[in-house]
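Worksheet: the structure to be examined is printed underneath.
Since this is a predicted model, take the numbers as computed values, not measurements. Below, chain A is the first sequence line, B the second, and so on; all start at residue 1.
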Amino acid sequence: MSGYADIFLKAMFVENMPLAFFLGLCTFLALSKRPGTAVGLGIAMIGVMGITVPLSQIIYTAVLAPGAWAWAGLPEVDLSYLSLLCFIGLIAAAVQMLEMLLERFAPAIHAAFGVFLPLLTVQCAILAASLFMVERRYTLPESFVFGIGSGAGFALAVVMLSAVRARLAYADLPGGLRGLGVTFMLAGMMSLGFSAFGQMVAP
Amino acid sequence: MALPRLLTLPLIGRNPVTVQILGICSSLAVTTSLETAATMAVSLTVVLVLSSLIISLIRRHLPNSIRLIVQIVIVASLVIVIDQILQAYLFAISQRLSVFVGLITTNCLVLGRTEGFARSNPPGPAMLDALGNGLGYSLILVAVGAVRELFGQGTLMGLTVLPTVDQGGWFTPLSLMLLAPSAFFLLGFVVWGLRSLYPEQQEAPETEPPSVAEART
C-alpha cells in the first residue's frame with residue numbers, strides 16, 4: 001500500500017504539474033482570477049485525469065507497446081510512435097463523454113463547470129500525465145493513483161493561486177506588473193515553497 | 001496589413017508569450033540550458049509553419065464542426081515526425097527534452113494561430129504569421145535559456161563563459177537558476193520590463209474586487 005501512497009504524494013506535491021513541471025500553465029494562469037472558477041477547474045482536472053490516465057495505460061499495454069501483438073504472431077510490431085495520436089484522441093473522447101454524462105445525469109455539476117470542460121482537451125498537463133505514465137511504466141492501479149494525485153496537485157495549486165490573486169485585487173501594483181507579470185511572480189514563489197516538499201518524499 | 005508587418009508584429013508588439021499568453025507551458029520547462037531551448041524553439045517554429053500551411057491549404061474543404069479534431073490530428077502527425085527526427089539525429093537532446101516535444105501538440109500557440117489566423121487566410125500570409133509567432137516565441141525562449149544557463153552553470157551552449165569556482169575560476173553558480181522557480185521569476189521580469197517599455201500592453205486594473213462570499217468558497 002505504501003507504494004501507492006508514495007506515488008500519490010509524489011504526484012501531488014513533489015512533481016506538482018504546474019509548479020514543478022510547468023504543465024497546464026495556460027489554464028493555470030488564465031482561470032485563477034477567482035476562487036470559484038478555480039475550484040470548478042480543480043475538480044474537473046481530478047475527474048478527467050483519473051479517467052484518462054488508466055485508460056491510456058490499458059490502450060498502451062494492449063495495443064501500442066513493443067511486443068503487444070505477440071499473441072497474433074507479430075512480436076516485432078512496435079506501434080509506440082502512435083501513442084501521442086492515440087492519447088490525444090482518447091482525451092478528446094473522454095472529455096466529450098464526461099460532458100455528455102454530466103449533462104444527462106448531473107446537470108447542476110455540469111452547469112458549474114461551464115466552459116472549462118471542453119477546454120481540458122488541449123490541457124498539456126493531462127496529455128503529459130499519460131506520457132509520463134508510459135515513460136515510468138506504471139501498472140494499471142499505479143496509473144490510476146498517479147492520475148488522481150496529479151489532478152489533486154493541480155487543483156491544490158490553482159485554488160491557492162486564485163486565493164492570493166483575489167487578495168491582490170486590492171493591491172496597488174506598478175502598471176507593468178499588473179495582471180500577467182505579478183501572476184508569474186506569485187507562481188514562482190509558490191513553486192519555491194513546493195520545492196521544499198522534495199525533501200519529504202525523497203527515497 | 002502589409003506582409004512584412006505580419007512577420008515583425010509578433011516579435012515584440014504582439015509577442016505570443018508575453019502578450020497573447022500562448023505557449024507558456026513549454027517555454028518554461030525547457031529553458032534550463034540554451035541548447036535545449038534552441039532545439040525546442042526550432043522544433044516549434046517548424047511545426048507551427050507547416051501546420052499553418054497545411055490548414056490554410058485545406059481551409060475551404062474543412063467542415064466547421066470537426067475542424068478542431070482535424071487540426072489536432074495534423075499537428076500531432078507533424079510533431080511525431082519531428083520527434084522521430086530528433087531521436088534519430090540528436091538523441092542526447094531528445095532525451096533531455098523528454099515528453100516536451102510531444103507536448104508541442106497541446107501547445108496553445110500552435111492551435112491558437114491555426115485556429116485564429118491560418119483557418120481564414122491564404123497560405124502565404126498564414127506562413128508569414130506562423131513564422132513571426134514562432135520567432136517571437138523563440139526570442140523569449142532563447143533569452144530565458146541563455147540567462148538561466150549563464151548564471152546557473154557559467155556556460156553558454158556548453159562552452160565556459162564564466163569560469164566557476166569548481167574549475168578554479170571566480171564565479172559561484174546560482175543553483176536557483178536551474179530550479180523551476182527561477183523560470184517563473186525571469187519570465188515575470190521579462191513581462192514587467194516589456195510592459196514598462198510599451199505601456200499600451202498593460203492590463204487594465206481589476207476595478208471590481210471579488211465578493212466576500214466568493215472568496216470563502
request  = Would you mind checking which part of A:Ala187 comes under 4.5 Å of any heavy atom in chain B, side chain (CB onward), backbone (N, CA, C, O), both or neither?
outcome  = both
request  = Quick one: pull up CZ in A:Phe28 and CG in A:Leu23 and give me the separation to the nearest 0.5 Å.
outcome  = 11.5 Å
query = Which atom pair, heavy atoms only, marks the closest approach of A:Ala129 to A:Met49?
reply = CB-CE, 3.7 Å
key: Closest heavy-atom pair and its distance - B:Arg148, B:Ser182   = NE-OG, 3.4 Å
message = Does B:Phe185 have more than 12 heavy atoms from other residues, nucleotides or ligands lying within 6.0 Å of its CZ?
response = yes
request  = Not counting sequence neighbours, which residues clear side-chain contact (heavy atoms from CB on, under 4.5 Å) with B:Leu53? List them please.
outcome  = B:Leu57, B:Pro123, B:Met127
query = Which atoms of A:Leu29 come close to chain B, meaning under 4.5 Å heavy atom to heavy atom: side chain ones, backbone ones, both, or neither?
reply = side chain
Closest heavy-atom pair and its distance - B:Ala41, B:Tyr137 = CA-CE2, 4.5 Å
request  = Please list, chain by chain and in numerical order, all residues satisfying salt bridge (Lys or Arg N to Asp or Glu O under 4.0 Å) with B:Glu35, sequence neighbours excluded.
outcome  = B:Arg96
task = Report the option among B:Ser196, B:Ala183, B:Pro181, B:Ala76 that has the most heavy-atom pairs separated by less than 4.5 Å from atoms of chain A.
result = B:Pro181
B:Gln84 portion near chain A, given a 4.5 angstrom heavy-atom threshold = side chain
inquiry  = Just to verify, what does B:Arg119 make a salt bridge (Lys or Arg N to Asp or Glu O under 4.0 Å) with, not counting sequence neighbours?
reply    = B:Glu115
key: Heavy-atom neighbours of A:Met189 CE exceed 12 at 6.0 Å   = yes
task = Using the ring of A:Phe132 (Phe, Tyr or Trp, six-membered ring only), decide whether A:Arg136 places NZ or CZ under 6.0 Å from its centre and within 45 degrees of its axis.
result = yes
message = Quick check on A:Leu84 against chain B: is it the side chain, the backbone, both or neither that has a heavy atom closer than 4.5 Å?
response = side chain
request  = Under 4.5 Å, counting heavy-atom pairs only, tell me which of A:Thr183, A:Leu186, A:Leu127, A:Val159 racks up the most with chain B.
outcome  = A:Leu127
note = Checking heavy-atom separations under 4.5 Å from chain B, one finds in residues 145-152 of chain A none
ask   = What part of A:Ile88 is in contact with chain B, defined as an atom under 4.5 angstrom from a non-hydrogen atom: side chain, backbone, both or neither?
value = side chain
remark   = Honestly, the part of A:Met190 sitting under 4.5 Å from a heavy atom of chain B is neither
